[in-house]
Visitor: 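Got a structure for you, written out below as structure tokens; questions coming shortly.
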Amino acid sequence: MSLAELRDEARMLGTTIAGLFFGRTVWLPKAAPPSTEWIDGAHRRNISAFRDVYSERLKSETVGVEAVRRRAEFALTAVIAAAGLSAGAFERLWIVVPTNSWPLIIWLVGILELALSVLVFGGVAVSKKVLGVVDVQSFAHLKNPQREELRQYAWAVHVTSRTRRAMVTVFRDGFLIALLGLTMLAVAHAISWALPVDATTTPAPLVVVVSPSPSPAP
């Protein structure tokens with residue numbers, strides 16, 4: 001992957017997270033516009049068939065955008081649940097800190113990565129997306145609007161496809177960040193359980209003494 005591609009992905013990640021808080025539209029890298037010159041030379045009786053093809057492609061791309069959004073919502077819930085389970089075992093990490101602080105450091109880094117992935121997944125789920133639409137009113141007054149309608153479908157498919165590909169890229173990056181964070185949590189917990197525990201730092205067991213109820217006076 002080139003430096004320019006890394007910069008583009010970082011910018012998409014940043015605008016996705018910004019969209020979560022500020023309602024910004026996700027930035028998309030530049031792409032060549034679709035070729036529509038062939039539409040003017042296409043035979044008139046084939047225009048309807050081409051329009052139906054692009055209409056189905058537009059529906060497919062729109063469904064793909066929604067599918068990525070749902071995956072992001074599921075991943076968001078899963079990551080939060082995993083972080084909660086890890087926090088439930090935090091006591092063991094804290095006990096071994098006097099002996100070795102590396103498990104706690106690794107755990108904190110993992111938590112920060114999970115927090116970043118949560119922001120990414122949340123941004124994918126709620127940030128503004130650029131979707132292509134066909135504006136019927138813009139060509140309804142034309143004598144032969146079929147060619148303009150087909151041209152708008154071609155542009156709508158192009159725009160929606162760019163958005164879907166960008167969402168897939170950002171979701172993939174968020175998944176890799178979450179996977180790295182979960183791996184670091186697992187490593188931190190594994191090290192903490194492998195390390196011996198200093199008896200002086202082990203909390204004493206809580207002993208509860210239950211005294212019998214006093215006998216009633218005769």
Side-chain angles (χ1 to χ4, degrees), residues 1-36 38-39 50-86 109-135 149-186:
M1 183 179 293
S2 65
L3 182 61
E5 291 174 338
L6 287 174
R7 185 174 63 249
D8 289 345
E9 286 199 23
R11 188 171 180 180
M12 283 191 292
L13 279 172
T15 54
T16 298
I17 295 174
L20 178 62
F21 297 101
F22 308 111
R24 290 187 57 182
T25 303
V26 176
W27 175 85
L28 300 177
K30 293 182 179 179
S35 176
T36 58
W38 61 272
I39 296 177
F50 287 135
R51 182 198 58 199
D52 293 340
V53 170
Y54 275 95
S55 176
E56 290 300 320
R57 287 186 57 187
L58 180 59
K59 292 178 182 178
S60 177
E61 293 292 346
T62 305
V63 170
V65 169
E66 180 63 20
V68 178
R69 189 189 66 80
R70 289 197 302 266
R71 292 191 189 101
E73 290 179 343
F74 176 80
L76 175 65
T77 304
V79 168
I80 293 176
L85 291 174
S86 178
V109 173
I111 286 294
L112 289 176
E113 291 178 347
L114 289 188
L116 178 59
S117 69
V118 164
L119 294 177
V120 173
F121 291 142
V124 171
V126 305
S127 61
K128 291 183 179 179
K129 287 94 176 167
V130 180
L131 302 178
V133 295
V134 176
D135 185 9
E149 182 181 11
L150 176 57
R151 185 174 287 106
Q152 288 204 19
Y153 267 113
W155 271 97
V157 169
H158 171 72
V159 172
T160 308
S161 178
R162 284 183 64 203
T163 298
R164 180 189 58 78
R165 293 196 303 269
M167 290 178 64
V168 169
T169 300
V170 173
F171 177 82
R172 179 202 64 196
D173 293 342
F175 179 80
L176 293 176
I177 294 171
L179 183 61
L180 181 58
L182 291 173
T183 301
M184 297 193 75
L185 293 188

Visitor: Using the test side-chain hydrogen bond (donor to acceptor under 3.5 Å, both in side chains), find all partners of Arg164 that sit at least two apart in sequence or belong to another chain.
Guide: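 In terms of side-chain hydrogen bond (donor to acceptor under 3.5 Å, both in side chains), with neighbours along the sequence ignored, Arg164 is linked to Glu61.
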Visitor: So which of Leu76, Val124, Ile177, Leu20 actually passes side-chain contact (heavy atoms from CB on, under 4.5 Å) with Leu119?
Guide: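 The single option meeting the side-chain contact (heavy atoms from CB on, under 4.5 Å) with Leu119 is Leu20.
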Visitor: Would you mind telling me which of Arg69, Arg71, Arg70 makes a side chain to side chain donor-acceptor pair (under 3.5 Å) with Glu73?
Guide: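 Filter result, single survivor: Arg69.
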Visitor: Indicate whether the side chain of Arg51 and that of Ser55 have a donor and an acceptor atom separated by less than 3.5 Å.
Guide: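 There is no such pair between these side chains.
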Visitor: Flag the pair Pro29 / Glu9 as yes when at least one side-chain heavy-atom distance between them is below 4.5 Å, and no otherwise.
Guide: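 No, side chains not in contact.
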Visitor: Measuring from atom CG of Leu131 to atom OG1 of Thr163, what distance do you get when rounded to the nearest 0.5 angstrom?
Guide: 5.5 Å
Visitor: Restricting to side-chain hydrogen bond (donor to acceptor under 3.5 Å, both in side chains), what partner residues turn up for Arg151, sequence neighbours left out?
Guide: Asp40, Glu148
Visitor: From Thr62 OG1 over to Arg57 CZ, what is the distance, rounded to the nearest 0.5 angstrom?
Guide: 12.0 Å
Visitor: For the aromatic rings, using the six-membered ring if either is Trp, is the centroid distance between Tyr54 and Trp155 under 6.0 Å?
Guide: no
Visitor: If you measure from CZ on Arg11 to OG1 on Thr16, what distance do you get to the nearest 0.5 Å?
Guide: 12.0 Å
Visitor: Of all heavy-atom pairs between Gly19 and Ser127, which one has the smallest distance, and what is that distance?
Guide: CA-CB, 4.0 Å
Visitor: Test your reading of the model: is there a side-chain donor-acceptor pair from Ser117 to the backbone of Leu114, 3.5 Å cut-off?
Guide: yes
Visitor: Side-chain contact, heavy-atom cut-off 4.5 Å: Glu149 with Gln152?
Guide: no
Visitor: To the nearest 0.5 Å, how far apart are CG in Leu112 and CE in Met184?
Guide: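 Interatomic distance, Leu112 CG to Met184 CE, rounded to 0.5 Å: 9.5 Å.
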Visitor: How close do Gly132 and Thr160 get, heavy atom to heavy atom, and via which atoms?
Guide: N-OG1, 2.9 Å
Visitor: Rounded at 0.5 Å granularity, tell me how far CZ in Arg162 sits from NZ in Lys30.
Guide: 10.5 Å
Visitor: Compare all side-chain heavy atoms of Trp27 with those of Asp8 and state whether any distance is below 4.5 angstrom.
Guide: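 Contact flag for Trp27/Asp8 side chains = yes.
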Visitor: What closest approach, in Å, do Val120 and Gly174 show between heavy atoms, and which atom pair accounts for it?
Guide: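 Residues Val120 and Gly174, closest heavy atoms: CG1-CA, 3.8 Å.
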Visitor: Leu150 vs Trp38, test: side chain to side chain contact (heavy atoms under 4.5 Å, CB included). Steps then yes/no.
Guide: CA-CA 11 Å; Leu150 176 57; Trp38 61 272; 3.9 Å; yes
Visitor: May I ask you to decide if Met12's main-chain N or O and Thr15's side chain share a donor-acceptor pair within less than 3.5 Å?
Guide: yes
Visitor: Less than 4.5 Å apart, side chain to side chain, heavy atoms only: is that true for Val26 and Lys129?
Guide: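 In short, these two side chains do not touch, never coming nearer than 4.5 Å.
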Visitor: Does Ile80 reach the side chain of Phe121, with side-chain heavy atoms less than 4.5 Å apart?
Guide: no
Visitor: To check you understand the geometry: which heavy-atom pair defines the closest contact between Leu182 and Ala82, and what is its length?
Guide: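 In this case the closest contact between Leu182 and Ala82 is CD2-CB, 3.6 Å.
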